[in-house]
Amino acid sequence: MDETNAVYTIEREKPPFSRVGWTLFTILGISTLLQIVGAAVATVFAPSIFSAPWFIWILSFAPLYLIAIPLGYLVIKPLPRLNTPKQTISFSKFLGYLAMSYAVMYIGSIVGTLLNAGISGLREKELVNPLTELLTKSNFYFELVFVGLLAPIFEELIFRKLLLDRIRAYGEGTAILVSGLCFGLFHGNLFQFFYAFGLGSLFAYIYLRTGSVLYTIILHAIINTFSVVLSKIMGSIDLGALQNFSGENPGELLNIVHGKEAQYVIFGVLILAIMALLISGVVLLITKRKSAVLFTAPKELQRGERFKTVFVSWGMALFMLLSLGITAYSALA
């Protein structure tokens with residue numbers, strides 16, 4: 001995705017948000033359409049292929065990475081960029097961003113889980129997180145490649161690098177909101193929307209302050225890989241037995257972990273690490289909130305014109321309608 005530097009001629013350029021919307025509509029629409037067509041063809045000609053551990057991953061991601069994203073890039077490429085100044089951060093600051101990322105993710109996850117529980121109660125039908133279902137029924141190595149590596153690379157290039165370089169001239173606060181909101185909507189379900197929105201917004205801020213998408217790719221990859229490993233470990237141990245363990249009989253605990261000592265040790269270490277990151281992340285979000293800096297952009301949108309400039313366009317309207325339609329379908333189907 002190499003790009004030639006373009007001069008941002010602020011006086012002559014119209015706001016880029018409609019083309020940004022068309023870009024995301026192209027990526028989401030084409031990938032979804034190809035997935036539907038691919039599934040229909042497989043159902044007719046080779047229904048047994050759905051049992052192959054690799055097929056769902058290929059069906060889910062090949063249309064997105066190989067076709068939809070390249071086409072979306074062609075749509076957004078003509079927009080001029082305002083390059084973000086690069087700044088190196090210390091390892092301790094990177095760990096702070098990682099902790100804040102976990103705090104934002106888990107708070108968003110709680111909100112999404114509670115909302116979906118309410119919908120499940122009203123419908124009297126349990127809603128299933130599509131990501132959790134995919135991670136518990138597939139090959140571990142496919143999960144690491146697609147979720148732990150490829151997803152962070154492509155998603156950060158799209159929603160941070162390509163998008164923010166083209167909209168930050170209209171205000172850093174506006175750019176962060178658009179990046180986070182579009183990232184959340186792109187996931188197409190209520191389980192992931194809230195934490196994706198929060199993480200997308202935080203990653204957008206990190207990118208604007210560092211000018212390097214590599215930081216957000218690494219953060220994204222760490223979070224996704226932790227989730228993959230934790231999901232796999234949880235699938236291999238008896239969580240119900242641990243929850244019912246009273247603590248009165250140590251021999252009972254030995255019976256629970258017998259034969260799977262390594263899995264339980266890894267599970268315990270991951271939980272402790274996540275709890276440490278979560279707690280420290282919440283503390284950092286509270287104590288550091290006033291030190292967050294947003295610089296004035298060359299063509300800063302005024303408060304009263306932001307909504308109309310960003311969202312009242314065919315491109316943005318169609319992307320939001322498509323993403324909201326997919327989200328509604330996942331919640332009501």
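In this text, all values refer to a predicted model and were calculated from it rather than measured experimentally.
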Looking only at atom types and distance, does a side-chain atom of [X] sit under 3.5 Å from a main-chain N or O of [Y], one as donor and one as acceptor?
| X | Y | value |
| --- | --- | --- |
| Ser231 | Ser227 | no |
| Tyr102 | Val282 | no |
| Arg166 | Arg81 | no |
| Ser291 | Lys288 | yes |
| Asn189 | Thr327 | no |
| Thr216 | Val213 | yes |

[X]-[Y] co-clustered via ILVMFWY side chain contacts under 4.5 Å:
| X | Y | value |
| --- | --- | --- |
| Phe226 | Ile233 | yes |
| Phe154 | Ile206 | yes |
| Phe61 | Ile49 | yes |
| Met320 | Phe307 | yes |
| Leu98 | Ile107 | no |

How about [X] and [Y]: are their ring centres within less than 6.0 Å of each other?
| X | Y | value |
| --- | --- | --- |
| Tyr195 | Tyr106 | no |
| Phe186 | Phe159 | yes |
| Phe203 | Tyr97 | no |

**Request:** Go through the steps for Trp57 and Val145 under the test side chain to side chain contact (heavy atoms under 4.5 Å, CB included), then give the verdict.
**Result:** CA-CA 10 Å; Trp57 289 101; Val145 171; over 6 Å; no

**Request:** Let me see the working for Glu143 and Lys232 under salt bridge (Lys or Arg N to Asp or Glu O under 4.0 Å), right down to the final yes or no.
**Result:** CA-CA 10 Å; Glu143 295 168 12; Lys232 193 58 62 178; 3.4 Å; yes

**Request:** Check whether more than 12 heavy atoms from other residues, nucleotides or ligands sit under 6.0 Å from atom OH of Tyr141, and answer yes or no.
**Result:** no

**Message:** Does Phe140 have more than 12 heavy atoms from other residues, nucleotides or ligands lying within 6.0 Å of its CZ?
**Reply:** yes

**Request:** Could you walk me through whether Ile30 and Leu64 pass the side chain to side chain contact (heavy atoms under 4.5 Å, CB included) test, one step at a time?
**Result:** CA-CA 8 Å; Ile30 290 178; Leu64 176 63; over 6 Å; no

Can you confirm whether [X] sits close enough to [Y] that some side-chain heavy atom of one is under 4.5 Å from a side-chain heavy atom of the other?
| X | Y | answer |
| --- | --- | --- |
| Tyr215 | Thr88 | yes |
| Leu185 | Ile326 | no |
| Leu190 | Ser330 | no |
| Leu230 | Met234 | yes |
| Ile286 | Arg289 | yes |
| Glu156 | Lys161 | no |
| Tyr170 | Val310 | no |
| Ile158 | Leu24 | yes |

Report the distance from atom [atom1] of [X] to atom [atom2] of [Y], rounding to the nearest 0.5 Å.
| X | Y | atom1 | atom2 | answer |
| --- | --- | --- | --- | --- |
| Lys86 | Thr84 | NZ | OG1 | 8.0 Å |
| Ser179 | Arg160 | OG | CZ | 4.0 Å |
| Ile119 | Leu115 | CD1 | CG | 4.5 Å |
| Phe55 | Phe142 | CZ | CZ | 12.5 Å |
| Ile223 | Leu277 | CD1 | CG | 9.0 Å |
| Ile69 | Leu28 | CD1 | CG | 11.0 Å |

**Prompt:** Per the side-chain contact (heavy atoms from CB on, under 4.5 Å) rule, which among Ile274, Leu199, Ile110, Leu202 passes with Met105?
**Reply:** Leu199

What are the two closest non-hydrogen atoms of [X] and [Y], and how far apart are they?
| X | Y | value |
| --- | --- | --- |
| Ile58 | Phe146 | CD1-CZ, 4.0 Å |
| Ile27 | Ala68 | O-CB, 3.3 Å |
| Ser31 | Pro63 | O-CB, 4.1 Å |
| Leu59 | Gln35 | O-CG, 3.2 Å |
| Thr225 | Gly148 | OG1-CA, 3.6 Å |
| Ser280 | Ala276 | OG-O, 2.7 Å |

**Item:** Between Asp165 and Tyr207: side-chain donor-acceptor atoms closer than 3.5 Å
**Value:** yes

**Prompt:** Using a distance-only test with no angle check, is there a side-chain donor-acceptor pair under 3.5 angstrom linking Thr210 and Ser212?
**Reply:** no

**Request:** Measure from NZ or CZ of Arg306 to the centre of the six-membered ring of Phe311 and say whether it is under 6.0 Å with the direction within 45° of the ring axis.
**Result:** no

**Asked** Cation over ring, Arg209 on Tyr205, under 6.0 Å and within 45°?
**Response** yes

**Request:** Carefully, step by step, assess His187 and Phe193 under the rule ring pair (Phe, Tyr, Trp, His ring centres under 6.0 Å).
**Result:** CA-CA 6 Å; His187 283 74; Phe193 170 77; 9.2 Å; no

**Request:** Would you please test Glu300 and Arg168 for salt bridge (Lys or Arg N to Asp or Glu O under 4.0 Å) and show each step?
**Result:** CA-CA 9 Å; Glu300 191 89 23; Arg168 67 177 289 261; over 6 Å; no

**From CA spacing to verdict: side chain to side chain contact (heavy atoms under 4.5 Å, CB included), Cys182, Met316** = CA-CA 9 Å; Cys182 290; Met316 272 295 182; 4.0 Å; yes

